[in-house]
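So the structure is just underneath, and the comments pick up after that.
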Number of protein chains: 2
Amino acid sequence: MTTTEPAAAARRGRPGYDRDSMLEVVVEAFNERGYDATSLGVLAERLGLSKSAIYHHFASKEQMLEVALAQALDALEAVFDAPEATTGPVVSRIRHVLRGAVLVLCERKPYVTLLLRLRGNTPIEQEAMRRRRAIDAKMRALFEASRDEGTLRADMDPRIAERLTFGMVNSIVEWYRPDGPISPEELAESVLQLVRTGLREPSSL
Amino acid sequence: MTTTEPAAAARRGRPGYDRDSMLEVVVEAFNERGYDATSLGVLAERLGLSKSAIYHHFASKEQMLEVALAQALDALEAVFDAPEATTGPVVSRIRHVLRGAVLVLCERKPYVTLLLRLRGNTPIEQEAMRRRRAIDAKMRALFEASRDEGTLRADMDPRIAERLTFGMVNSIVEWYRPDGPISPEELAESVLQLVRTGLREPSSL
DNA sequence: GTCTATATTGAGATAGAC
DNA sequence: GTCTATCTCAATATAGAC
């Protein structure tokens, strides 16, 4: 039995975690049971380590949350700060951010899931929620711009439209499976179709 | 039984809670901080009581959750078991359950919110999730029937359509305010509009 | 119906050896 | 990088008086 292995990230046995590989296991547990309901004892069990070993990688349970949330927020902010989100026709910008949000959500699902379930119980959670609300505000501004130029249906409040749309996108974390039959791209396309023209078969309108 | 006291429900002073009026305060706290993160100490503080007084009304913290979840599930199941949900044109049934779900969600928001955030950590939570999944299955069956009769757009998987639609509806608990400017009926109408024909102004298609 | 205790368990976190 | 052992505190829940 060899006692030294170079790479740690892909290992599933007992030893050799680095910060990222440990975080993967930890965040999965947070999402299954909820952050508050997940004790260090449970984490240690799933990691195959003792509780105290965890503290070699993270200063506290909340720091695990902080690092994980950053992974989600950085990716989402990148979508909304991209040139495609700030220049060009408003309808194209909306398409870009919706598609980008779906893709980030699928590709970093565990981290985004954690973000979407925050309650703001600590300063770290509150700061993450602040960043999330800033993203929401950019989305809302796009919908209001669409209303102003006449491309959003006039009989719907743009704020309601934004909330329903983003709520739909965010709900994807509840059921999407990365190893399932549908690709993130297909899913993004379905979202755009539904948002653009609804669910009805045109011939049955 | 009941009714030696007309109602303790409206009281906001120190004493005189009955089960329902206590549950209102409790569920509000659960939703603000999360069920697991809400200690009996916090509940006692918000109720203006000692921790032990709570046990006069509920046998355990989890029993509070159980009673609250029943309020949400009973109302939702009533919508899906109503005659309007089981007879008549499929499109009408879908309109009924979507509208009904939005109304229940607005009118019993705290209880539905609790339901939607469950993680299944205990048998009681698991049973509630089972009932919730049964409701989902009825919704899915309606969408599949719509696909089969040609009223759901042919280029979208009915299961994805169902999940996106229900996800949108459920996300309403995250932002709806009963004392806000929009009525549950208006909100239900917006949902139906978005789902039927999308967000775009027809003239800009 | 509420109170003041208190029992008991498990949580997050630390110390220091290997 | 991980371990055993332990600290401290807060959690749920109970006992019994008023």
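Bear in mind that the values here come from a model prediction, so they are computed numbers and not experimental data. Within every chain, numbering begins at 1; the chains are lettered A, B, ... in the order of the sequence lines, protein sequences first and strands thereafter.
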Atom-pair distance ([atom1] on [X]; [atom2] on [N]), nearest Å:
{"X": "A:Phe58", "N": "D:dG1", "atom1": "CZ", "atom2": "C1'", "answer": "14 Å"}
{"X": "B:Met64", "N": "D:dT12", "atom1": "CE", "atom2": "C1'", "answer": "10 Å"}
{"X": "B:Met22", "N": "C:dG1", "atom1": "CE", "atom2": "C1'", "answer": "9 Å"}
{"X": "B:Asp20", "N": "C:dG1", "atom1": "CG", "atom2": "C1'", "answer": "16 Å"}
{"X": "B:Leu47", "N": "C:dT2", "atom1": "CG", "atom2": "C1'", "answer": "12 Å"}
{"X": "A:Asn121", "N": "D:dA11", "atom1": "CG", "atom2": "C1'", "answer": "15 Å"}

request  = Check whether any side-chain N or O of B:His56 sits under 4.0 Å from OP1 or OP2 of C:dC3, and answer yes or no.
outcome  =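 False: B:His56 side-chain N/O out of range (4.0 Å or more) of C:dC3 OP1/OP2.
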query = Are A:Ser50 and D:dT4 close enough that a side-chain N or O sits under 4.0 Å from OP1 or OP2?
reply =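 Result: no.
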Any salt bridge between [X] and [Y], counting N to O under 4.0 Å?
{"X": "B:Arg117", "Y": "B:Glu174", "result": "yes"}
{"X": "A:Arg147", "Y": "A:Asp157", "result": "no"}
{"X": "A:Lys61", "Y": "A:Asp36", "result": "no"}

query = Around atom CD of B:Glu186, are there more than 12 heavy atoms of other residues, nucleotides or ligands at under 6.0 Å?
reply =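 Enclosed.
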key: A:Arg159 atom CZ, over 12 foreign heavy atoms within 6.0 Å   =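 Atom CZ in A:Arg159 is not packed in, count stays at 12 or less.
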Mind listing the side-chain donor-acceptor pairs of residues 102-113 of chain B below 3.5 Å, one per line with the distance, residues two or more places apart or on another chain?
| unit_1 | atom_1 | unit_2 | atom_2 | d |
| --- | --- | --- | --- | --- |
| B:Arg108 | NH1 | B:Gln71 | O | 3.0 |
| B:Lys109 | NZ | B:Tyr176 | O | 3.0 |
| B:Thr113 | OG1 | B:Lys109 | O | 2.6 |

query = A:Leu49 side chain: which of D:dC3, C:dG1, C:dC3 is closest?
reply =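 Of D:dC3, C:dG1, C:dC3, D:dC3 is nearest to the side chain of A:Leu49.
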Can you tabulate the close N/O pairs, meaning under 3.5 Å, that link protein atoms to atoms of nucleotides 11-13 of chain C?
| unit_1 | atom_1 | unit_2 | atom_2 | d |
| --- | --- | --- | --- | --- |
| C:dA11 | OP1 | A:Ser39 | OG | 3.3 |
| C:dG12 | OP1 | A:Lys61 | NZ | 2.9 |
| C:dG12 | OP2 | A:Leu40 | N | 2.5 |
| C:dA13 | OP2 | A:Tyr55 | OH | 3.0 |
| C:dA13 | OP2 | A:Lys61 | N | 3.0 |
| C:dA13 | O5' | A:Tyr55 | OH | 3.3 |

